[in-house]
Amino acid sequence: MKFNRRASAQWKGSGKEGKGTLNTQSGILEDTQYSFHTRFEDGNKGTNPEELIGAAHAGCFTMQLSFLLGEEGFTPETLNTDAKVAFQDGEIVKITLELDGVVPGIDEEEFKRIADKAKEVCPVSKLLKAEIELSVNLTNR
C-alpha cells in the first residue's frame, strides 16, 4: 500500500509573539491555532507540535496493536493509549506510551509481547528517534 497525506502550517509574526494555524487534508484540523503560548504554557486554547506527535504516535501504535492482536487470534474490546511527550532543552527526548487494554482470552505476558512488537513496528515509532517507553496494563474480567 502506498499513499501520501498532507498537512500544512502557517505562521505570522515573531517566535514568541506570533501565532499560527494548522490544517490537514482530511479537514479535521482546520485553521487550528498554535503559538508559543500553546506550546510552552498551560491553559491556552490551541495545540502544539508535541501534542500532535503524541496523538499521532498513540493512534498509530494502538491501531497497529489491534492488527497484531487479530493476527494472534485475539479481538480487543478496548485499547486506550496515552502518549506523554517529554520536551527538554529544545528537543523531544522521550515518549512514554501508557497502554490499558481489555482483551478477552489473553494473559499479561502475551499481551506485553504483542504490545512490544506493535511499539517496534508502528510506522510512527520507526520514524521517531526519541526513546520510546511502553507501560502496559491488561484488565480482563
Side-chain angles (χ1 to χ4, degrees), residues 1-72 74-141:
M1 183 178 299
K2 184 177 179 180
F3 58 86
N4 293 304
R5 296 287 187 250
R6 293 177 6 119
S8 62
Q10 181 183 67
W11 189 266
K12 294 182 179 181
S14 69
K16 191 164 185 176
E17 287 79 29
K19 61 183 175 179
T21 56
L22 301 168
N23 292 279
T24 57
Q25 178 180 341
S26 68
I28 198 69
L29 297 182
E30 185 173 341
D31 295 329
T32 301
Q33 297 176 25
Y34 77 113
S35 68
F36 174 89
H37 302 290
T38 63
R39 189 171 193 182
F40 298 109
E41 301 171 0
D42 290 328
N44 294 290
K45 186 173 172 90
T47 192
N48 57 72
E50 292 74 25
E51 180 178 74
L52 295 170
I53 288 169
H57 198 189
C60 183
F61 164 78
T62 307
M63 182 183 284
Q64 182 70 61
L65 177 57
S66 178
F67 278 112
L68 293 177
L69 286 165
E71 288 174 9
E72 299 278 341
F74 301 104
T75 303
E77 287 183 19
T78 58
L79 299 170
N80 297 305
T81 306
D82 287 331
K84 294 182 180 172
V85 178
F87 183 92
Q88 179 181 330
D89 299 328
E91 66 180 291
I92 295 171
V93 295
K94 184 176 185 178
I95 298 174
T96 301
L97 300 175
E98 295 180 353
L99 169 65
D100 288 308
V102 178
V103 184
I106 197 170
D107 65 33
E108 190 87 29
E109 185 177 314
E110 183 86 355
F111 186 60
K112 173 85 168 95
R113 181 187 66 76
I114 297 170
D116 281 333
K117 182 177 179 184
K119 180 188 78 154
E120 297 305 318
V121 301
C122 158
V124 174
S125 291
K126 289 179 180 181
L127 174 69
L128 300 172
K129 303 259 189 238
E131 175 187 351
I132 301 167
E133 182 177 297
L134 174 64
S135 168
V136 175
N137 180 44
L138 176 65
T139 308
N140 283 336
R141 296 176 191 113

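Position 1 is the first residue of the sequence; numbering continues from there.
Of all heavy-atom pairs between A115 and L99, the closest is CB-CD2, 3.8 Å. The two residues T47 and L22 have their closest heavy-atom pair at CG2-CD1, 3.7 Å. Of all the heavy atoms in H57 and C122, the pair that sits closest is CD2-SG, 4.1 Å. Closest approach of A56 to V124, counting heavy atoms only: O-CG2, 4.0 Å. Closest approach of K16 to F36, counting heavy atoms only: O-CB, 3.5 Å. Residues N140 and G105 approach most closely at ND2-N, 4.4 Å, considering heavy atoms.
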List, one per line, each side-chain donor-acceptor pair under 3.5 Å for residues 80-93, sequence neighbours excluded.
unit_1 : atom_1 : unit_2 : atom_2 : d
T81    : OG1    : T62    : OG1    : 2.6
K84    : NZ     : E98    : OE2    : 3.3

Extract all donor-acceptor atom pairs below 3.5 Å that involve side chains of residues 128-139 and protein atoms in other chains or at least two apart in sequence.
unit_1 : atom_1 : unit_2 : atom_2 : d
E133   : OE1    : K94    : NZ     : 2.6
N137   : ND2    : D100   : OD1    : 2.9

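Atom CD1 of residue I114 and atom CD of residue E109 lie 11.0 Å apart, to the nearest 0.5 angstrom. Here CZ of F40 is found 10.0 Å from OG of S35. Values are rounded to the nearest 0.5 Å. Rounding to the nearest 0.5 Å gives a distance of 8.5 Å between CG of N4 and CD of Q25. The NZ atom of K119 sits 14.0 Å away from the SG atom of C60 when rounded to the nearest 0.5 Å. Distance CG/N48 to CD1/I53: 9.0 Å, rounded to 0.5 Å. If you take CZ on F61 and CG on L97, they are separated by 5.5 Å, rounding to the nearest 0.5 Å.
Side-chain contact between S125 and E120: absent, with no pair of heavy atoms (C-beta onward) separated by less than 4.5 Å.
For CD of E41, the number of neighbouring non-hydrogen atoms (other residues, nucleotides, ligands) closer than 6.0 Å is greater than 12.
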Problem set entry | Working for side-chain contact (heavy atoms from CB on, under 4.5 Å), residues E110 and F74 | CA-CA 11 Å; E110 183 86 355; F74 301 104; 4.1 Å; yes
Exercise. Checking side-chain contact (heavy atoms from CB on, under 4.5 Å) for the pair R39/E50: CA distance, chi angles, key distance, verdict?
Worked result: CA-CA 8 Å; R39 189 171 193 182; E50 292 74 25; 2.5 Å; yes
For this session: Take V103 and L69 through the side-chain contact (heavy atoms from CB on, under 4.5 Å) test and state the conclusion after the steps.
Result: CA-CA 9 Å; V103 184; L69 286 165; 4.1 Å; yes
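Using a distance-only test at 3.5 Å, with no hydrogens or angles considered, a donor-acceptor pair links the side chain of N44 to the main chain of H37. T32 places no side-chain N or O within donor-acceptor distance of the main-chain N or O of L29, the cut-off being under 3.5 Å. In this structure, the side chain of N23 engages the main chain of D31 through a donor-acceptor pair within 3.5 Å.
A cation-pi contact, defined as under 6.0 Å to the ring centre and within 45° of the axis, is absent between R113 and F111.
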